[in-house]
Amino acid sequence: AQSVTQPDIHITVSEGASLELRCNYSYGATPYLFWYVQSPGQGLQLLLKYFSGDTLVQGIKGFEAEFKRSQSSFNLRKPSVHWSDAAEYFCAVGEVGDYKLSFGAGTTVTVRA
Amino acid sequence: GAVVSQHPSRVICKSGTSVKIECRSLDFQATTMFWYRQFPKQSLMLMATSNEGSKATYEQGVEKDKFLINHASLTLSTLTVTSAHPEDSSFYICSARDGSPGQGFDEQFFGPGTRLTVL
């Protein structure tokens with residue numbers, strides 16, 4: 001069975017600084033990997049995904065993530081955070097065939113002025 | 001993108017009563033809907049997969065008699081928490097998959113969630 005680990009529970013970053021959120025996964029085959037953002041009162045929004053091909057994927061809101069098979073990682077990055085990036089971020093791995101998603105525990109991002 | 005709504009957004013009920021939560025896909029047909037439960041500061045845990053016109057598939061450890069799921073149409077799935085107890089208090093989130101031909105894995109859209117508090 002697949003599993004996802006997000007080692008950082010909470011990250012505080014200054015506005016304008018760079019951000020990196022870590023994600024490690026355990027999955028037997030080539031995974032489908034996702035990053036979602038959850039803001040209060042809103043549903044999870046897909047930031048980006050990796051299925052195959054180029055290991056550096058670009059997403060919405062200026063986010064990018066890099067798939068590293070050797071490290072079983074799919075870390076999310078943003079060069080310069082905005083106050084509106086304060087939210088909960090979830091990494092997820094998808095199961096081929098039935099479209100189920102397994103989520104990590106999430107990382108809360110706080111942006112200070 | 002596609003929109004999924006949930007109703008109600010918040011509900012408080014007494015222990016022993018039943019509560020129904022609706023999940024609707026507003027602008028697409030959802031052949032599959034998923035129900036998740038999220039505890040404070042924790043991840044989303046998949047409870048069940050709901051396919052239109054068939055019985056829901058529950059994840060291990062989820063009581064199917066307590067959490068009744070009905071997916072009667074391509075735009076509506078309901079989760080009924082029966083004989084609710086305080087330990088059922090949680091944040092319930094649904095997602096809907098657009099089953100149109102050609103849609104890939106990423107076509108799963110999430111509702112805003114329902115906060116259930118059982119007194």
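The sequence lines fix the lettering, A, B, ..., with proteins before strands; numbering per chain opens at 1. Just so you know, these numbers use all the heavy atoms, side chains as well, and skip hydrogens, waters and symmetry mates.
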Enquirer: Mind checking whether B/Met45 and B/Tyr58 sit in one hydrophobic cluster, side chains of I, L, V, M, F, W, Y counted as touching below 4.5 Å?
Expert: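 No.
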Enquirer: According to a 4.5 Å side-chain heavy-atom criterion applied to Ile, Leu, Val, Met, Phe, Trp and Tyr, with indirect links allowed, do B/Phe110 and B/Leu116 form part of one hydrophobic cluster?
Expert: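 B/Phe110 and B/Leu116: separate clusters.
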Enquirer: Measuring heavy-atom distances to chain A, does B/Phe39 have an atom under 4.5 Å in its side chain, in its backbone, in both, or in neither?
Expert: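 No part of B/Phe39 comes within 4.5 Å of chain A.
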Enquirer: How close do B/Ser43 and A/Phe103 get, counting heavy atoms only, and between which atoms?
Expert: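 In terms of heavy atoms, the two residues are closest at OG-CB, 3.0 Å.
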Enquirer: Is B/Lys20 atom NZ crowded by more than 12 heavy atoms from other residues, nucleotides or ligands, each under 6.0 Å away?
Expert: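 Open: at most 12 neighbouring heavy atoms sit under 6.0 Å from NZ of B/Lys20.
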Enquirer: Between B/Gln38 and chain A, which part of the residue has a heavy atom less than 4.5 Å away: side chain, backbone, both or neither?
Expert: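 The answer is the side chain of B/Gln38.
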Enquirer: Side-chain heavy atoms nearer than 4.5 Å, only ILVMFWY residues, links allowed to pass through others: does that put A/Leu46 and A/Phe51 together?
Expert: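 Same cluster: A/Leu46 reaches A/Phe51 through Ile, Leu, Val, Met, Phe, Trp or Tyr contacts under 4.5 Å.
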Enquirer: B/Phe67, B/Phe34: one ILVMFWY side-chain cluster at the under-4.5 Å cut-off?
Expert: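 No, no single cluster joins them.
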Enquirer: Between A/Val111 and A/Ile11, is there shared hydrophobic-cluster membership here, with clusters defined by ILVMFWY side-chain heavy atoms closer than 4.5 Å?
Expert: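 Yes.
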Enquirer: Side-chain contact test, heavy atoms from C-beta onward, threshold under 4.5 Å: evaluate it for A/Leu101 versus B/Tyr36 and give yes or no.
Expert: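 Yes, their side chains come closer than 4.5 Å.
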Enquirer: Rounded to the nearest 0.5 Å, what's the gap from NZ on A/Lys100 to OG1 on B/Thr49? Could you check?
Expert: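 A/Lys100 atom NZ to B/Thr49 atom OG1 measures 5.0 Å (nearest 0.5 Å).
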Enquirer: So which part of B/Ile93 gets closer than 4.5 Å to some heavy atom of chain A, the side chain, the backbone, both or neither?
Expert: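 Contact with chain A involves the side chain of B/Ile93 alone.
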Enquirer: Which residue out of A/Gln38, A/Glu88, A/Gln45 racks up the most heavy-atom pairs below 4.5 Å with chain B?
Expert: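 With the most close heavy-atom pairs to chain B, the winner is A/Gln38.
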